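This report concerns only the one structure given below.
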Amino acid sequence: MIPRFKAGQDEHQWANALLEVGAIIIEQAATEATIDAFNRDLQPEYERVGAEFQNDFNGYRTRRVGGIAQHSAEFQTLFTHPYAMALADAVLGSRCEVIRVGSTTAIEILPGEDAQVLHADDTIYPKEYLPFEVQISVLWALDDFTEENGATRVIPGSHLNGLHSNDPKQPSYPAAMPRGSMVVYLGSTLHGGGANHSDKPRKALVNTYTLGWLRQEENQYLTLPSEAVAVQPENVRRLLGFQAHGPNLGVWPEDPDGKWFES
Ligand SMILES: O=C(O)CCC(=O)C(=O)O
Ligand SMILES: [Fe+2]
């Protein structure tokens with residue numbers, strides 16, 4: 001089973017549970033108002049670009065939107081949520097100077113979609129060189145998640161299977177949870193979107209956080225218009241990658257404390 005916690009309770013257990021089991025659920029960590037406003041902002045984007053990412057892996061009855069920082073003022077609340085930050089720090093903080101985003105994706109699984117293949121998100125990296133956790137994913141339920149409507153499925157313990165394990169013989173469990181909750185999983189944990197057997201879409205926002213010295217999955221510099229970056233608060237800009245990693249990596253001619261961080 002996926003360990004399940006309530007927002008504000010037993011916080012000292014969360015990181016250990018995540019590292020032990022590979023995934024945890026934290027129920028109702030965001031407010032209804034945040035989720036409502038986020039969903040309202042994203043709706044036109046699903047219509048506009050949602051079908052562009054359809055393929056064998058993502059599915060053909062799933063709509064996706066990336067580069068979320070430019071689409072909703074509510075993004076920052078979810079992206080820099082203290083629970084996400086604390087768990088990213090607990091898993092990754094000892095192996096990098098700063099943590100950065102990997103990707104920001106809204107996912108709407110439409111009725112009739114099949115289950116996604118179970119996979120580990122960190123296979124985008126050559127893990128044989130990186131035999132430790134390099135990222136976590138924080139997936140927000142933007143609708144109530146049920147087994148019927150395609151709640152993300154997770155194989156507890158699969159992060160211990162070894163490199164490039166994509167042999168999901170162990171049982172997977174649905175991350176059923178009320179909207180506003182998050183399921184957090186390690187980069188090496190097998191998981192995937194569930195089949196949607198209901199008659200309504202199932203919406204999620206998944207943000208990944210990685211070691212700050214790794215290449216970002218979603219290239220924020222080319223994805224986001226600079227005006228959209230400029231209006232973000234400093235902590236969001238930094239997390240999006242607009243900062244150096246220590247004194248010598250990802251530097252640029254202007255002083256890091258100049259162009260983007262002048263407040
Ligand atoms: O939509 C979901 O529940 C999970 C999607 C996912 O894991 C992915 O696309 O990498
Ligand atoms: Fe995934």
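Keep in mind that what you see is a predicted model, and the values were worked out from it rather than measured.
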Tell me, with the steps shown, if Q135 and Y125 meet side chain to side chain contact (heavy atoms under 4.5 Å, CB included).
CA-CA 10 Å; Q135 71 172 50; Y125 296 112; 3.7 Å; yes
Could you check Q170 against N161 for side chain to side chain contact (heavy atoms under 4.5 Å, CB included), going step by step and ending with a plain yes or no?
CA-CA 10 Å; Q170 299 146 291; N161 287 358; 2.8 Å; yes
Under the criterion side chain to side chain contact (heavy atoms under 4.5 Å, CB included), I'd like the reasoning laid out for H197 against T146: C-alpha separation, chi angles, the key distance, then a yes or no.
CA-CA 10 Å; H197 298 300; T146 64; over 6 Å; no
Check against ring-ring contact (aromatic ring centres under 6.0 Å, His included), F79 and Y209
CA-CA 10 Å; F79 184 52; Y209 304 86; 5.8 Å; yes
Go through the steps for D143 and K200 under the test salt bridge (Lys or Arg N to Asp or Glu O under 4.0 Å), then give the verdict.
CA-CA 10 Å; D143 290 306; K200 295 195 183 62; over 6 Å; no
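Applying the ring-ring contact (aromatic ring centres under 6.0 Å, His included) rule to F132 yields no partners; only residues at least two apart in sequence or on another chain are considered. For R95, there are no salt bridge (charged side-chain N to carboxylate O under 4.0 Å, His left out) partners two or more places apart in sequence or in a different chain.
Between L240 and L224 the shortest heavy-atom distance is CD1-CD1, 3.9 Å. Among all heavy-atom pairs drawn from A151 and A176, the shortest one is CB-N, 4.1 Å. The two residues T223 and G67 make their nearest non-hydrogen contact at CG2-CA, 3.6 Å. Contact record, P156 with P171: CD-O, 3.9 Å, taken as the closest heavy-atom pair. Listed here is the closest heavy atom pair of P178 and A141: O-CB, 4.0 Å. Nearest approach of V98 to A244, heavy atoms of both residues: CG2-O, 4.0 Å.
In terms of modelled atom types and a separation under 3.5 Å, the side chain of W213 and the main chain of G250 share no donor-acceptor contact. Judged by distance alone, with hydrogens and angles left aside, the side-chain atoms of T189 form a donor-acceptor pair with the main-chain N or O of G22 at under 3.5 Å. A donor-acceptor pair under 3.5 Å is formed between the side chain of R100 and the backbone N or O of L214. Q243 contributes no side-chain N or O that, together with a main-chain N or O of L239, makes up a donor-acceptor pair within less than 3.5 Å. The backbone N or O of L222 sits less than 3.5 Å from a side-chain atom of N219, completing a donor-acceptor pair. With H81 contributing its side chain and A29 its backbone, the two residues share a donor-acceptor pair below 3.5 Å. Using modelled atom types, no side-chain atom of H159 and backbone atom of L186 make a donor-acceptor pair closer than 3.5 Å. For the pair S181 (side chain) and M177 (backbone), a donor-acceptor distance under 3.5 Å is absent. Side-chain atoms of S198 never come within 3.5 Å of backbone atoms of N149 as a donor-acceptor pair (strictly under, hydrogens ignored). With hydrogens and angles disregarded, no donor-acceptor distance shorter than 3.5 Å links the side chain of R64 to the backbone of G50.
The CD atom of E45 lies 11.0 Å from the CZ atom of R63; values are rounded to the nearest 0.5 Å. In this structure, E108 CD and L142 CG are separated by 10.0 Å, a value rounded to the nearest 0.5 Å. In this structure, CD in Q70 is found 8.5 Å from OG1 in T104, a value given to the nearest 0.5 Å. Q116 CD to H191 NE2: the interatomic distance, rounded to the nearest 0.5 Å, is 6.5 Å. Atom NZ of K6 sits about 14.0 Å away from atom CD of E11, to the nearest 0.5 Å. The line from OH of Y185 to CD1 of I2 is 10.5 Å long, rounded to the nearest 0.5 Å.
S72 and D41 share a side-chain donor-acceptor pair at under 3.5 Å. Using modelled atom types, one finds a donor on one side chain and an acceptor on the other under 3.5 Å when comparing T208 with S103. Counted by atom type alone, Q220 and E218 present one or more donor-acceptor pairs between their side chains at under 3.5 Å.
Hydrophobic clustering (side-chain heavy atoms under 4.5 Å, transitive across Ile, Leu, Val, Met, Phe, Trp, Tyr) keeps M1 apart from W14. Note: the hydrophobic cluster containing V65 does not contain L110 (ILVMFWY, side chain heavy atoms under 4.5 Å, direct or indirect links). Connection of V154 to L205 is not established within any shared hydrophobic cluster, with ILVMFWY side chains joined at heavy-atom distances below 4.5 Å, either directly or through further cluster members. The hydrophobic cluster containing L118 does not contain I25, counting ILVMFWY residues as joined when their side-chain heavy atoms lie under 4.5 angstrom apart, directly or transitively. Connection of I99 to V206 is not established within any shared hydrophobic cluster, with ILVMFWY side chains joined at heavy-atom distances below 4.5 Å, either directly or through further cluster members.
Among N58, N196, T62, the one residue that satisfies the side-chain hydrogen bond (donor to acceptor under 3.5 Å, both in side chains) test with E113 is T62. Screening T34, D36, T31 against E74 for a side-chain contact (heavy atoms from CB on, under 4.5 Å) leaves a single residue, T34.
Ring-plane geometry between Y221 and F242 is classed as perpendicular, the angle between the planes exceeding 60 degrees on a 0 to 90 degree scale with a lower cut at 30.
Counting only heavy atoms from C-beta outward, the side chains of I136 and V184 approach each other to under 4.5 Å. Side chains of Q76 and P233 form a contact here, defined as non-hydrogen atoms less than 4.5 Å apart. By the 4.5 Å heavy-atom criterion applied to side chains, I107 and R202 are counted as neighbours. Proximity of F5 to E27: side-chain heavy atoms (C-beta onward) are nowhere separated by under 4.5 Å. Residues L87 and V91 fail the side-chain proximity criterion, which asks for heavy atoms closer than 4.5 Å. You'll find the side chain of I24 stays beyond 4.5 Å of the side chain of R4, heavy atoms only. In this structure, the side chains of L78 and V138 stay at 4.5 Å or more apart for every pair of heavy atoms. Side-chain contact check for D122 versus K127: some heavy-atom pair is nearer than 4.5 Å.
Note on residues 25-67: pairs passing ring pair (Phe, Tyr, Trp, His ring centres under 6.0 Å), not counting sequence neighbours, are F57-H119.
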